[in-house]
Amino acid sequence: MDLGLRDKCVIVTGGSRGIGFGIAEACAKEGAKLAICGRSQASLDQAADALAAHGGQVLARPCDVSDAAALEAFLQEASRDLGGLHGLVNNPSGFGRGDTEEAWQASLEVDVMGVIRAIRTAAPLFDPEPGGSIVNIASTSGIGASGNIAYGAAKALLIHATQSYAKNFAARRIRVNAIAPGSIDFPGGLWDQRRKSEPEVYNATLNSIPFGRMGRPEEIGSVGAFLLSEAASWITGQTIAVDGGQNL
């Protein structure tokens with residue numbers, strides 16, 4: 001499907017693997033120009049090679065999104081080197097587990113402030129005509145009660161911020177939406193680790209999903225690419241659960 005993303009400039013934070021890579025790859029297949037960041041240079045290099053195989057421009061640079069100065073520099077440089085900005089995907093998570101000081105700090109610094117700072121930096125970089133699209137990666141944990149209190153609360157805050165930014169940016173033709181993934185399994189990811197270290201938790205979660213399986217990064221990727229495109233031109237302020245019915 002041609003979503004009209006060819007030669008559009010898209011930045012994906014946390015784009016070297018998992019959901020972030022899934023969205024980046026969906027955009028690369030549509031012909032978008034991409035900039036991704038992550039913490040591991042080796043992972044970034046591998047992702048960049050895979051994305052470049054689709055024929056478009058790819059920039060891959062290390063960046064810790066909890067570092068405000070580093071994040072701003074990455075976004076500014078990526079927009080300049082790509083030749084503009086049409087789409088931004090905010091993907092990283094601190095994965096704050098439980099109700100500890102450390103969990104709250106990680107969730108607020110990465111899942112919340114990392115996104116807020118990225119939005120504030122990127123908003124002026126969008127071309128006033130035709131505007132652009134921002135996609136925040138939330139979670140079904142932010143929709144209902146979560147065992148990981150800090151993580152779920154941070155994602156709920158992100159969903160609310162998505163709605164507020166969507167309203168505030170509408171006059172500037174910048175759309176802001178969120179995706180709330182359910183449990184997504186990929187090599188080296190959280191659920192892959194739990195399958196090995198906590199099989200009872202993994203199996204209980206798997207059994208709670210009506211579709212009978214975990215999700216895949218590319219299933220989030222296709223929704224992300226759609227929301228970034230003009231095919232979604234009348235969609236803003238929404239949170240789309242992509243979870244195989246898990247949240248039901």
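What you see is a predicted model; the values in this text were computed from it and never measured. One is the number of the first residue; the rest follow in order along the sequence.
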Completion exercise
Residues Phe186 and Pro217: closest non-hydrogen pair is CB-CG, 3.7 Å
Exercise for the section: For the residue pair Asp185 and Tyr202, confirm or rule out a side-chain donor-acceptor distance under 3.5 Å. Expected result: yes
Handout entry: Shared hydrophobic cluster, Leu51 / Val10 (ILVMFWY, side-chain heavy atoms < 4.5 Å)
Key = yes
Practice task
Taking atom types as modelled, find out whether Asn136 and Thr162 have a side-chain donor-acceptor pair closer than 3.5 angstrom.
Solution key: yes
Practice task
Going by the side chain to side chain contact (heavy atoms under 4.5 Å, CB included) test, name the single residue among Thr239, Val115, Asn90 that passes it with Leu158.
Solution key: Val115
Practice task
Applying salt bridge (Lys or Arg N to Asp or Glu O under 4.0 Å), run through Arg213 and Glu219 and close with a yes or a no.
Solution key: CA-CA 13 Å; Arg213 65 171 176 83; Glu219 292 173 311; 2.6 Å; yes
Practice task
Go through the steps to decide whether Glu129 and Arg172 satisfy the test salt bridge (Lys or Arg N to Asp or Glu O under 4.0 Å), and finish with yes or no.
Solution key: CA-CA 8 Å; Glu129 186 61 45; Arg172 297 160 64 178; over 6 Å; no
Handout entry: Residues in side-chain hydrogen bond (donor to acceptor under 3.5 Å, both in side chains) contact with Asn247, at least two apart in sequence or another chain
Key = none
Exercise for the section: For Tyr165 and Ile174, run side chain to side chain contact (heavy atoms under 4.5 Å, CB included): C-alpha distance rounded to whole Å, both residues' side-chain angles, the deciding distance at 0.1 Å, then the answer. Expected result: CA-CA 9 Å; Tyr165 277 117; Ile174 299 173; over 6 Å; no
Exercise for the section: List the steps and the verdict of side chain to side chain contact (heavy atoms under 4.5 Å, CB included) for Thr205 and Met214. Expected result: CA-CA 9 Å; Thr205 301; Met214 297 281 186; 4.1 Å; yes
Problem - Neighbour count >12 (heavy atoms, 6.0 Å) for atom CD, Gln46 - result: no
Problem - salt bridge (Lys or Arg N to Asp or Glu O under 4.0 Å) assessment of Arg173 paired with Glu230 - result: CA-CA 11 Å; Arg173 299 296 183 266; Glu230 281 300 302; over 6 Å; no
Please set out all donor-acceptor pairs under 3.5 angstrom arising from side-chain atoms of residues 74-87, sequence neighbours excluded.
from: Asp81; atom 1: OD2; to: Arg61; atom 2: NH1; distance (Å): 3.0
from: Asp81; atom 1: OD2; to: Arg61; atom 2: NH2; distance (Å): 2.6
from: His86; atom 1: ND1; to: Cys9; atom 2: N; distance (Å): 2.9

Practice task
Carefully, step by step, assess Lys8 and Glu30 under the rule side chain to side chain contact (heavy atoms under 4.5 Å, CB included).
Solution key: CA-CA 9 Å; Lys8 300 297 185 183; Glu30 293 287 330; over 6 Å; no
Practice task
Determine, step by step, whether Phe226 and Ile235 satisfy the side chain to side chain contact (heavy atoms under 4.5 Å, CB included) criterion, reporting the C-alpha distance in whole Å, the side-chain angles of both residues, the deciding distance to 0.1 Å, and the verdict.
Solution key: CA-CA 10 Å; Phe226 167 71; Ile235 301 175; 3.8 Å; yes
Problem - Side-chain touch Leu228/Val89, heavy atoms, less than 4.5 angstrom - result: yes
Fill in the blank from the handout: Distance col, row Phe95:CZ vs Ser107:OG, nearest 0.5 angstrom, shows 10.0 Å
Practice task
Give a yes or no answer on whether the side chain of Asn91 reaches the backbone of Gly14 with a donor-acceptor pair at less than 3.5 Å.
Solution key: yes
Problem - Check: Ser183/Gln246 side-chain N/O donor and acceptor closer than 3.5 Å - result: yes
Problem - Asp127 side-chain N/O to Pro130 backbone N/O, donor-acceptor pair under 3.5 Å - result: no
Completion exercise
Value for CZ (Arg194) from CG (Leu206), rounded to nearest 0.5 Å, stands at 13.5 Å
Practice task
Would you kindly confirm whether Ile220 and Val135 end up in one hydrophobic cluster when ILVMFWY residues are joined by side chain heavy atoms under 4.5 Å apart?
Solution key: yes
Practice task
Group every Ile, Leu, Val, Met, Phe, Trp and Tyr by side-chain heavy-atom contacts under 4.5 Å, then state whether Val12 and Val223 land in the same group.
Solution key: yes
Exercise for the section: Looking only at non-hydrogen atoms, find the nearest pair between Ser16 and Phe21 and report the distance. Expected result: C-CB, 3.9 Å
Problem - Taking every non-hydrogen atom, the tightest pair across Val58 and Ala52 - result: CG2-N, 3.7 Å
Fill in the blank from the handout: Residues Gly244 and Ile209: closest non-hydrogen pair is O-CG2, 3.9 Å
Practice task
Look up atom CG in Leu5 and atom OG in Ser133, then write down how far apart they are to the nearest 0.5 Å.
Solution key: 9.0 Å
Handout entry: Heavy-atom pair of closest approach, residues Asn177 and Gly237
Key = OD1-N, 3.2 Å
Fill in the blank from the handout: Separation between CD1 (Ile23) and CD (Glu218), nearest 0.5 Å, reads 12.0 Å
Exercise for the section: Measure the shortest side-chain to side-chain distance between Asp67 and Val65 over non-hydrogen atoms and say whether it is less than 4.5 angstrom. Expected result: no
Practice task
Compare all side-chain heavy atoms of Pro181 with those of Ile19 and state whether any distance is below 4.5 angstrom.
Solution key: yes
Fill in the blank from the handout: Separation between CZ (Arg120) and CG (Leu71), nearest 0.5 Å, reads 10.5 Å
Problem - Any side-chain donor near an acceptor of the partner, Asp111 and Ser93, under 3.5 Å - result: yes
Exercise for the section: Could you state whether Tyr151 and Ile137 fall into the same hydrophobic cluster, counting links through intermediate Ile, Leu, Val, Met, Phe, Trp or Tyr residues with side-chain heavy atoms under 4.5 angstrom apart? Expected result: no
Problem - Glu200 atom CD, neighbour heavy-atom count above 12 within 6.0 Å - result: yes
Problem - Spacing of CD belonging to Glu109 relative to CH2 belonging to Trp104, to within rounding of 0.5 Å - result: 13.5 Å
Exercise for the section: Look at the side chain of Arg175 and the backbone N and O of Leu227, then say whether any donor-acceptor pair between them is shorter than 3.5 Å. Expected result: yes
Handout entry: Taking every non-hydrogen atom, the tightest pair across Lys33 and Asp7
Key = CE-O, 3.5 Å
Problem - Same apolar cluster: Val176 and Ile159, side chain cutoff 4.5 Å - result: no
